[in-house]
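Data first, discussion second: the structure below is written as C-alpha coordinates.
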Amino acid sequence: MYSFELRQPTSIGGAVRALADGGQILGGGQTLIPTLKMRLADPGVLVSLGRVDSLLGICTDDSGRLCIGGATTHAAVAEGGGAYPALARLAGRIGDPAVRNRGTIGGSLANNDPAACYPAAVLASDAVVATNARDIAADDFFTGLFETALDDGEIITEVKFPVPASAAYAKFLQRASRFALVGVFVARFASGVRVAVTGASESGVYRWSEAETALSAEFSPSAVDSLSVAPGGMIDDLHGSPEYRAQLVRVMTSRAVAAC
Amino acid sequence: MIEISMEVNGREVTDQVEGRTLLVHFLRDQLGLTGTHVGCDTSQCGACVVHVDGRAVKACAVFAAEADGRQVTTIEGMAGDDGSLGVIQQAFQDHHGLQCGFCTPGMVMSAADLLRQNSNPDEDEIREYLEGNLCRCTGYHNIVKSIRAAAAAMG
(Lines give C-alpha, C1' and ligand atoms only; values in the text may rest on other atoms or scores of the structure.)
Protein backbone atom coordinates (compact mmCIF):
# COMPACT_ATOMS: atom_id res chain seq x y z
CA MET A 1 0.00 0.00 0.00
CA TYR A 2 1.04 3.60 -0.44
CA SER A 3 2.79 5.21 2.50
CA PHE A 4 0.77 7.47 4.78
CA GLU A 5 0.99 9.18 8.14
CA LEU A 6 -1.11 7.42 10.80
CA ARG A 7 -2.55 9.66 13.50
CA GLN A 8 -4.30 8.27 16.58
CA PRO A 9 -6.04 11.08 18.46
CA THR A 10 -7.74 10.38 21.78
CA SER A 11 -10.61 12.88 21.57
CA ILE A 12 -13.20 13.94 19.00
CA GLY A 13 -11.69 17.43 18.99
CA GLY A 14 -8.27 15.94 18.40
CA ALA A 15 -9.63 13.89 15.51
CA VAL A 16 -11.25 16.96 13.95
CA ARG A 17 -7.96 18.85 14.22
CA ALA A 18 -6.03 15.89 12.79
CA LEU A 19 -8.37 15.92 9.79
CA ALA A 20 -8.17 19.68 9.30
CA ASP A 21 -5.68 19.37 6.46
CA GLY A 22 -7.55 16.55 4.75
CA GLY A 23 -6.92 12.86 5.16
CA GLN A 24 -9.10 9.87 5.65
CA ILE A 25 -10.87 8.59 8.75
CA LEU A 26 -9.99 5.03 9.81
CA GLY A 27 -12.68 3.16 11.73
CA GLY A 28 -12.15 -0.56 12.26
CA GLY A 29 -10.41 -0.80 8.92
CA GLN A 30 -12.11 -3.96 7.76
CA THR A 31 -12.98 -2.37 4.42
CA LEU A 32 -10.42 0.43 4.28
CA ILE A 33 -7.29 -1.63 4.99
CA PRO A 34 -8.00 -4.11 2.15
CA THR A 35 -8.74 -1.10 -0.06
CA LEU A 36 -5.39 0.47 0.85
CA LYS A 37 -3.61 -2.81 0.13
CA MET A 38 -5.00 -2.79 -3.39
CA ARG A 39 -3.76 0.78 -3.77
CA LEU A 40 -7.31 1.91 -4.46
CA ALA A 41 -6.84 4.69 -1.89
CA ASP A 42 -3.93 7.03 -1.22
CA PRO A 43 -5.04 9.10 1.77
CA GLY A 44 -1.72 10.71 2.73
CA VAL A 45 -2.97 11.02 6.29
CA LEU A 46 -5.04 8.38 8.05
CA VAL A 47 -6.79 9.37 11.28
CA SER A 48 -7.76 6.40 13.42
CA LEU A 49 -10.75 6.75 15.75
CA GLY A 50 -9.72 3.62 17.66
CA ARG A 51 -8.40 5.55 20.67
CA VAL A 52 -11.28 8.00 21.00
CA ASP A 53 -12.96 6.42 24.01
CA SER A 54 -15.93 8.81 23.91
CA LEU A 55 -16.97 7.14 20.62
CA LEU A 56 -17.35 3.77 22.35
CA GLY A 57 -20.30 2.33 24.14
CA ILE A 58 -24.02 1.66 24.15
CA CYS A 59 -26.68 3.38 26.25
CA THR A 60 -30.37 4.24 26.31
CA ASP A 61 -31.32 7.92 26.20
CA ASP A 62 -34.25 9.73 27.86
CA SER A 63 -36.44 9.07 24.79
CA GLY A 64 -35.81 5.33 25.05
CA ARG A 65 -33.54 5.30 22.01
CA LEU A 66 -30.61 2.88 21.89
CA CYS A 67 -27.55 5.06 21.35
CA ILE A 68 -24.39 3.47 19.98
CA GLY A 69 -21.05 5.26 19.83
CA GLY A 70 -19.64 5.58 16.32
CA ALA A 71 -16.53 3.49 17.00
CA THR A 72 -18.41 0.68 18.72
CA THR A 73 -17.62 -2.70 17.19
CA HIS A 74 -20.18 -5.08 15.73
CA ALA A 75 -19.24 -7.59 18.44
CA ALA A 76 -19.97 -5.04 21.16
CA VAL A 77 -23.39 -4.29 19.64
CA ALA A 78 -24.14 -8.01 19.34
CA GLU A 79 -23.28 -8.46 23.02
CA GLY A 80 -24.60 -5.20 24.46
CA GLY A 81 -27.47 -4.22 22.18
CA GLY A 82 -30.04 -6.41 23.91
CA ALA A 83 -32.46 -3.50 24.29
CA TYR A 84 -32.98 -3.76 20.51
CA PRO A 85 -32.77 -7.52 19.85
CA ALA A 86 -33.18 -7.38 16.06
CA LEU A 87 -30.29 -4.93 15.84
CA ALA A 88 -28.06 -7.03 18.12
CA ARG A 89 -28.80 -10.10 16.00
CA LEU A 90 -27.96 -8.21 12.82
CA ALA A 91 -24.64 -7.06 14.29
CA GLY A 92 -23.83 -10.62 15.34
CA ARG A 93 -24.10 -11.85 11.76
CA ILE A 94 -21.94 -9.26 10.01
CA GLY A 95 -18.81 -10.75 8.47
CA ASP A 96 -17.14 -13.25 10.80
CA PRO A 97 -16.15 -13.08 14.49
CA ALA A 98 -12.69 -11.58 13.93
CA VAL A 99 -14.13 -8.95 11.58
CA ARG A 100 -16.86 -8.15 14.12
CA ASN A 101 -14.17 -7.53 16.75
CA ARG A 102 -12.74 -4.70 14.61
CA GLY A 103 -15.47 -3.37 12.31
CA THR A 104 -17.47 -0.42 13.63
CA ILE A 105 -20.98 0.90 13.13
CA GLY A 106 -19.72 4.34 12.13
CA GLY A 107 -17.32 2.88 9.62
CA SER A 108 -20.02 0.71 8.07
CA LEU A 109 -22.45 3.61 7.76
CA ALA A 110 -19.88 6.07 6.41
CA ASN A 111 -18.82 3.53 3.78
CA ASN A 112 -22.45 2.76 2.82
CA ASP A 113 -21.65 -0.39 0.93
CA PRO A 114 -24.76 -1.27 -1.12
CA ALA A 115 -24.81 -4.75 0.45
CA ALA A 116 -23.96 -3.82 4.05
CA CYS A 117 -26.37 -4.74 6.84
CA TYR A 118 -26.31 -1.70 9.14
CA PRO A 119 -27.71 0.78 6.61
CA ALA A 120 -30.92 -1.29 6.42
CA ALA A 121 -31.30 -1.19 10.22
CA VAL A 122 -30.67 2.55 10.40
CA LEU A 123 -33.11 3.35 7.60
CA ALA A 124 -35.89 1.01 8.76
CA SER A 125 -35.55 2.18 12.37
CA ASP A 126 -35.70 5.87 11.37
CA ALA A 127 -32.49 6.30 13.37
CA VAL A 128 -30.54 9.51 13.70
CA VAL A 129 -26.88 9.62 12.71
CA ALA A 130 -25.14 12.14 14.98
CA THR A 131 -21.84 13.66 13.89
CA ASN A 132 -19.40 16.13 15.40
CA ALA A 133 -21.33 18.84 13.51
CA ARG A 134 -25.04 17.88 13.40
CA ASP A 135 -27.79 15.27 13.58
CA ILE A 136 -28.73 13.63 10.28
CA ALA A 137 -32.04 11.76 9.85
CA ALA A 138 -31.71 8.30 8.30
CA ASP A 139 -33.90 9.35 5.36
CA ASP A 140 -31.35 12.07 4.52
CA PHE A 141 -28.17 10.14 5.30
CA PHE A 142 -27.87 7.56 2.51
CA THR A 143 -27.51 9.39 -0.79
CA GLY A 144 -26.36 6.68 -3.20
CA LEU A 145 -23.83 3.97 -3.94
CA PHE A 146 -21.04 4.38 -1.32
CA GLU A 147 -22.34 7.94 -0.88
CA THR A 148 -23.69 9.62 2.25
CA ALA A 149 -24.61 13.09 3.45
CA LEU A 150 -21.35 13.27 5.42
CA ASP A 151 -18.96 16.06 4.54
CA ASP A 152 -15.24 15.39 4.23
CA GLY A 153 -13.76 14.92 7.68
CA GLU A 154 -17.17 14.71 9.38
CA ILE A 155 -17.13 12.08 12.11
CA ILE A 156 -20.07 9.87 13.08
CA THR A 157 -20.14 10.17 16.86
CA GLU A 158 -23.31 8.26 17.67
CA VAL A 159 -26.25 6.46 16.09
CA LYS A 160 -29.58 6.79 17.89
CA PHE A 161 -32.10 4.02 17.25
CA PRO A 162 -35.76 4.35 18.25
CA VAL A 163 -36.70 0.84 19.39
CA PRO A 164 -39.69 -0.51 17.44
CA ALA A 165 -42.52 -2.56 18.97
CA SER A 166 -41.16 -5.44 16.92
CA ALA A 167 -38.53 -5.81 14.24
CA ALA A 168 -36.51 -8.37 12.33
CA TYR A 169 -33.77 -8.51 9.73
CA ALA A 170 -33.84 -11.25 7.11
CA LYS A 171 -30.50 -11.66 5.36
CA PHE A 172 -29.92 -13.86 2.35
CA LEU A 173 -26.23 -14.49 2.85
CA GLN A 174 -23.70 -14.16 0.05
CA ARG A 175 -21.59 -16.92 1.50
CA ALA A 176 -18.17 -15.86 0.21
CA SER A 177 -18.27 -12.20 1.17
CA ARG A 178 -20.74 -12.66 4.06
CA PHE A 179 -22.47 -9.48 2.93
CA ALA A 180 -26.17 -9.61 2.12
CA LEU A 181 -27.09 -10.83 -1.35
CA VAL A 182 -30.37 -9.21 -0.32
CA GLY A 183 -31.28 -8.17 3.22
CA VAL A 184 -34.55 -6.68 4.43
CA PHE A 185 -35.09 -4.97 7.76
CA VAL A 186 -38.71 -4.60 8.89
CA ALA A 187 -39.51 -2.34 11.86
CA ARG A 188 -43.03 -2.05 13.23
CA PHE A 189 -43.80 1.15 15.13
CA ALA A 190 -47.11 2.36 16.55
CA SER A 191 -47.04 4.96 13.79
CA GLY A 192 -46.57 2.41 11.01
CA VAL A 193 -44.17 -0.05 9.44
CA ARG A 194 -40.85 0.82 7.82
CA VAL A 195 -39.09 -1.55 5.40
CA ALA A 196 -35.49 -1.05 4.26
CA VAL A 197 -33.74 -3.14 1.62
CA THR A 198 -29.99 -3.65 1.20
CA GLY A 199 -27.99 -5.64 -1.32
CA ALA A 200 -30.50 -5.15 -4.10
CA SER A 201 -30.37 -1.68 -5.61
CA GLU A 202 -27.54 -0.16 -7.61
CA SER A 203 -28.23 3.01 -5.62
CA GLY A 204 -27.70 1.33 -2.27
CA VAL A 205 -30.11 0.91 0.62
CA TYR A 206 -33.71 2.10 0.06
CA ARG A 207 -37.16 2.03 1.61
CA TRP A 208 -39.77 -0.17 -0.05
CA SER A 209 -42.75 2.12 0.34
CA GLU A 210 -45.35 -0.21 -1.24
CA ALA A 211 -44.51 -2.87 1.33
CA GLU A 212 -44.65 -0.30 4.13
CA THR A 213 -48.19 0.66 3.07
CA ALA A 214 -49.32 -2.95 2.74
CA LEU A 215 -47.76 -4.00 6.06
CA SER A 216 -49.09 -0.96 7.91
CA ALA A 217 -52.59 -2.05 6.79
CA GLU A 218 -52.08 -5.76 7.47
CA PHE A 219 -48.97 -6.95 9.28
CA SER A 220 -48.60 -10.50 7.99
CA PRO A 221 -46.04 -12.33 5.83
CA SER A 222 -48.60 -12.73 3.04
CA ALA A 223 -49.35 -9.01 2.89
CA VAL A 224 -46.52 -8.53 0.38
CA ASP A 225 -47.39 -11.56 -1.78
CA SER A 226 -49.34 -9.55 -4.31
CA LEU A 227 -46.73 -6.80 -4.64
CA SER A 228 -44.40 -6.86 -7.58
CA VAL A 229 -40.82 -5.63 -7.47
CA ALA A 230 -39.38 -4.26 -10.70
CA PRO A 231 -35.88 -5.54 -11.54
CA GLY A 232 -34.90 -2.22 -13.10
CA GLY A 233 -31.99 -0.65 -11.20
CA MET A 234 -31.23 -3.83 -9.30
CA ILE A 235 -27.60 -5.02 -8.97
CA ASP A 236 -26.51 -7.44 -11.68
CA ASP A 237 -23.46 -9.57 -10.84
CA LEU A 238 -22.33 -13.18 -10.91
CA HIS A 239 -24.14 -13.87 -7.64
CA GLY A 240 -27.57 -12.87 -8.85
CA SER A 241 -29.47 -11.27 -11.72
CA PRO A 242 -31.71 -8.21 -11.22
CA GLU A 243 -34.75 -10.50 -11.58
CA TYR A 244 -33.40 -12.85 -8.89
CA ARG A 245 -32.74 -9.97 -6.51
CA ALA A 246 -36.20 -8.51 -7.15
CA GLN A 247 -37.73 -11.85 -6.20
CA LEU A 248 -35.53 -12.02 -3.09
CA VAL A 249 -36.69 -8.57 -1.95
CA ARG A 250 -40.26 -9.82 -1.65
CA VAL A 251 -39.29 -13.19 -0.14
CA MET A 252 -36.94 -11.70 2.44
CA THR A 253 -39.51 -9.07 3.40
CA SER A 254 -42.03 -11.82 4.00
CA ARG A 255 -39.49 -13.77 6.08
CA ALA A 256 -38.62 -10.69 8.13
CA VAL A 257 -42.30 -10.09 8.91
CA ALA A 258 -42.70 -13.73 9.90
CA ALA A 259 -39.73 -13.35 12.27
CA CYS A 260 -41.08 -10.19 13.92
CA MET B 1 8.45 5.90 11.68
CA ILE B 2 6.47 5.51 14.90
CA GLU B 3 7.75 3.93 18.09
CA ILE B 4 5.30 1.38 19.48
CA SER B 5 5.29 -0.82 22.56
CA MET B 6 3.05 -3.73 23.33
CA GLU B 7 2.95 -6.92 25.34
CA VAL B 8 3.31 -9.91 23.05
CA ASN B 9 2.81 -13.31 24.67
CA GLY B 10 3.58 -11.77 28.04
CA ARG B 11 6.77 -10.06 26.90
CA GLU B 12 7.12 -6.28 26.53
CA VAL B 13 8.40 -5.29 23.10
CA THR B 14 9.25 -1.88 21.66
CA ASP B 15 10.13 -1.17 18.05
CA GLN B 16 9.81 1.29 15.20
CA VAL B 17 7.16 0.81 12.51
CA GLU B 18 5.70 2.70 9.59
CA GLY B 19 2.08 3.78 9.82
CA ARG B 20 1.23 1.24 7.14
CA THR B 21 3.00 -1.69 8.84
CA LEU B 22 0.41 -4.39 9.43
CA LEU B 23 0.34 -6.19 12.76
CA VAL B 24 0.98 -9.51 11.04
CA HIS B 25 4.16 -8.21 9.41
CA PHE B 26 5.33 -6.67 12.67
CA LEU B 27 4.87 -10.00 14.42
CA ARG B 28 6.51 -12.07 11.71
CA ASP B 29 9.24 -9.84 10.31
CA GLN B 30 10.25 -7.74 13.30
CA LEU B 31 9.56 -10.09 16.21
CA GLY B 32 10.25 -13.35 14.35
CA LEU B 33 6.94 -14.86 15.44
CA THR B 34 6.29 -16.70 12.21
CA GLY B 35 3.63 -18.99 13.63
CA THR B 36 1.05 -16.41 12.56
CA HIS B 37 0.54 -16.96 8.85
CA VAL B 38 -0.33 -14.69 5.96
CA GLY B 39 -2.78 -16.66 3.87
CA CYS B 40 -4.98 -14.61 1.61
CA ASP B 41 -3.89 -11.14 2.78
CA THR B 42 -7.45 -10.00 1.99
CA SER B 43 -8.93 -10.77 5.45
CA GLN B 44 -10.92 -13.73 4.17
CA CYS B 45 -8.98 -16.78 5.33
CA GLY B 46 -8.21 -16.25 9.02
CA ALA B 47 -4.71 -17.81 8.96
CA CYS B 48 -3.43 -14.61 10.61
CA VAL B 49 -5.85 -14.54 13.56
CA VAL B 50 -4.24 -13.37 16.82
CA HIS B 51 -5.74 -11.94 19.99
CA VAL B 52 -5.57 -8.23 20.81
CA ASP B 53 -6.68 -7.57 24.38
CA GLY B 54 -8.12 -11.08 24.39
CA ARG B 55 -10.26 -10.75 21.24
CA ALA B 56 -9.61 -12.55 17.96
CA VAL B 57 -8.67 -10.22 15.11
CA LYS B 58 -7.21 -10.70 11.66
CA ALA B 59 -3.66 -9.40 12.00
CA CYS B 60 -3.52 -8.64 8.28
CA ALA B 61 -6.33 -6.10 8.76
CA VAL B 62 -4.93 -4.21 11.77
CA PHE B 63 -2.04 -1.76 11.73
CA ALA B 64 0.76 -2.54 14.16
CA ALA B 65 0.49 0.98 15.58
CA GLU B 66 -3.17 0.33 16.43
CA ALA B 67 -1.95 -2.40 18.80
CA ASP B 68 0.39 0.04 20.57
CA GLY B 69 -0.11 -0.37 24.31
CA ARG B 70 -2.27 -3.48 23.90
CA GLN B 71 -1.80 -7.11 24.88
CA VAL B 72 -1.24 -9.40 21.92
CA THR B 73 -1.30 -13.19 21.99
CA THR B 74 -0.13 -15.28 19.05
CA ILE B 75 -0.04 -19.02 18.50
CA GLU B 76 3.41 -19.09 20.13
CA GLY B 77 1.76 -17.80 23.31
CA MET B 78 -0.61 -20.77 23.45
CA ALA B 79 2.19 -23.17 24.34
CA GLY B 80 3.83 -23.48 27.76
CA ASP B 81 7.20 -21.86 28.46
CA ASP B 82 8.80 -25.29 28.11
CA GLY B 83 7.29 -25.73 24.67
CA SER B 84 4.54 -28.09 25.82
CA LEU B 85 1.37 -27.75 23.80
CA GLY B 86 -1.63 -25.89 25.17
CA VAL B 87 -4.91 -27.72 25.64
CA ILE B 88 -6.35 -26.67 22.26
CA GLN B 89 -3.10 -27.38 20.43
CA GLN B 90 -2.90 -30.82 22.05
CA ALA B 91 -6.50 -31.55 21.04
CA PHE B 92 -5.67 -30.63 17.42
CA GLN B 93 -2.75 -33.07 17.51
CA ASP B 94 -4.74 -35.85 19.17
CA HIS B 95 -7.71 -35.56 16.79
CA HIS B 96 -5.84 -34.88 13.55
CA GLY B 97 -7.21 -31.36 13.43
CA LEU B 98 -4.55 -30.37 10.93
CA GLN B 99 -3.43 -31.66 7.58
CA CYS B 100 -1.03 -29.23 5.88
CA GLY B 101 -1.13 -27.05 8.99
CA PHE B 102 -1.24 -23.68 7.28
CA CYS B 103 -4.61 -22.63 8.68
CA THR B 104 -3.95 -24.19 12.09
CA PRO B 105 -2.60 -21.14 13.97
CA GLY B 106 -5.68 -19.14 13.03
CA MET B 107 -7.99 -22.05 13.81
CA VAL B 108 -6.47 -22.47 17.27
CA MET B 109 -6.66 -18.74 18.03
CA SER B 110 -10.28 -18.53 16.86
CA ALA B 111 -11.12 -21.65 18.86
CA ALA B 112 -9.59 -20.09 21.96
CA ASP B 113 -11.75 -16.98 21.57
CA LEU B 114 -14.84 -19.13 21.02
CA LEU B 115 -14.15 -21.23 24.14
CA ARG B 116 -13.60 -18.06 26.16
CA GLN B 117 -17.16 -17.02 25.32
CA ASN B 118 -18.79 -20.43 25.20
CA SER B 119 -17.16 -23.20 27.21
CA ASN B 120 -19.24 -25.98 25.67
CA PRO B 121 -20.14 -25.12 22.06
CA ASP B 122 -22.04 -27.65 19.96
CA GLU B 123 -20.96 -28.59 16.46
CA ASP B 124 -23.15 -25.97 14.77
CA GLU B 125 -21.84 -23.21 17.02
CA ILE B 126 -18.25 -24.19 16.27
CA ARG B 127 -18.85 -24.30 12.53
CA GLU B 128 -20.58 -20.92 12.63
CA TYR B 129 -17.78 -19.41 14.70
CA LEU B 130 -15.17 -20.65 12.23
CA GLU B 131 -16.86 -18.98 9.27
CA GLY B 132 -13.89 -16.62 8.96
CA ASN B 133 -11.27 -19.38 9.02
CA LEU B 134 -10.70 -21.33 5.83
CA CYS B 135 -9.01 -24.73 5.62
CA ARG B 136 -8.02 -25.44 2.03
CA CYS B 137 -7.42 -29.10 2.92
CA THR B 138 -11.13 -29.02 3.85
CA GLY B 139 -10.30 -30.73 7.13
CA TYR B 140 -13.15 -29.10 8.99
CA HIS B 141 -14.57 -32.31 10.43
CA ASN B 142 -11.52 -33.04 12.57
CA ILE B 143 -11.05 -29.37 13.41
CA VAL B 144 -14.55 -29.33 14.90
CA LYS B 145 -13.81 -32.61 16.68
CA SER B 146 -10.60 -31.15 18.11
CA ILE B 147 -12.38 -28.09 19.46
CA ARG B 148 -15.09 -30.24 21.04
CA ALA B 149 -12.37 -32.31 22.67
CA ALA B 150 -10.55 -29.19 23.86
CA ALA B 151 -13.77 -27.89 25.40
CA ALA B 152 -14.25 -31.19 27.23
CA ALA B 153 -10.61 -31.20 28.41
CA MET B 154 -10.92 -27.65 29.72
CA GLY B 155 -14.03 -28.74 31.60
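Chain naming here is simple, since letters A, B, ... match the order of the sequence lines and numbering starts at 1 in each.
Listed for the B:Lys58 side chain is no donor-acceptor partner under 3.5 Å among the backbone atoms of A:Val99. A:Glu5 places no side-chain N or O within 3.5 Å of a backbone atom of B:Gly19 that could act as its donor or acceptor partner. The closest donor-acceptor contact from the side chain of A:Arg102 to the backbone of B:Val57 lies at 3.5 Å or more, if one exists at all.
Counting heavy-atom neighbours within 6.0 Å of A:Arg255 CZ, excluding the residue itself, gives a total of 12 or less. For B:Arg116, the CZ atom sits in a packed shell: over 12 heavy atoms of surrounding residues, nucleotides or ligands are nearer than 6.0 Å. For B:Glu128, the CD atom is loosely surrounded, since the number of other residues' heavy atoms within 6.0 Å does not exceed 12. For A:Asp152, the CG atom sits in a loose shell: 12 or fewer heavy atoms of surrounding residues, nucleotides or ligands are nearer than 6.0 Å.
Looking at B:Asp68, both its backbone and its side chain come within 4.5 Å of chain A, counting heavy atoms on both sides. For A:Ser3, the parts sitting under 4.5 Å from any heavy atom of chain B are the backbone and the side chain alike. Heavy atoms of A:Leu32 lying under 4.5 Å from chain B are absent altogether. Residue B:Glu131 touches chain A through both its backbone and its side chain, counting heavy-atom pairs closer than 4.5 Å. At a 4.5 Å heavy-atom cutoff, B:Leu134 makes no contact with chain A through either its backbone or its side chain. Residue contact with chain A, scored on non-hydrogen atoms closer than 4.5 Å, involves the backbone and the side chain of B:Val62 alike.
Here the CD1-OG1 distance, from A:Ile33 to B:Thr42, works out to 13.0 Å after rounding to the nearest 0.5 Å.
A:Asp96 places none of its side-chain heavy atoms less than 4.5 Å from the side chain of B:Tyr129. In this structure, A:Lys37 and B:Leu22 have side chains that are in contact, with non-hydrogen atoms separated by less than 4.5 Å. Two residues are said to be in side-chain contact when any heavy atoms from C-beta on lie closer than 4.5 Å; B:Arg20 and A:Leu6 fail this criterion.
Options B:Arg70, B:Gln44, B:Glu18, B:Met109 differ in how many heavy-atom pairs under 4.5 Å they form with chain A, and the most are formed by B:Arg70. Between chain A and the residues B:Asp41, B:Val49, B:Leu114, the most heavy-atom pairs under 4.5 angstrom are made by B:Asp41. Ranked by heavy-atom pairs under 4.5 Å with chain B, the list A:Arg175, A:Arg51, A:Gln30, A:Gln8 is led by A:Arg51.
Remark: B:Glu66 does not engage A:Arg7 in a salt bridge, criterion side-chain N to carboxylate O under 4.0 Å. Salt bridge present: B:Arg55 and A:Glu79 bring a charged side-chain N and a carboxylate O closer than 4.0 Å.
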Passes side-chain contact (heavy atoms from CB on, under 4.5 Å), B:Val52 versus A:Asn101? Steps please.
CA-CA 10 Å; B:Val52 175; A:Asn101 282 334; over 6 Å; no
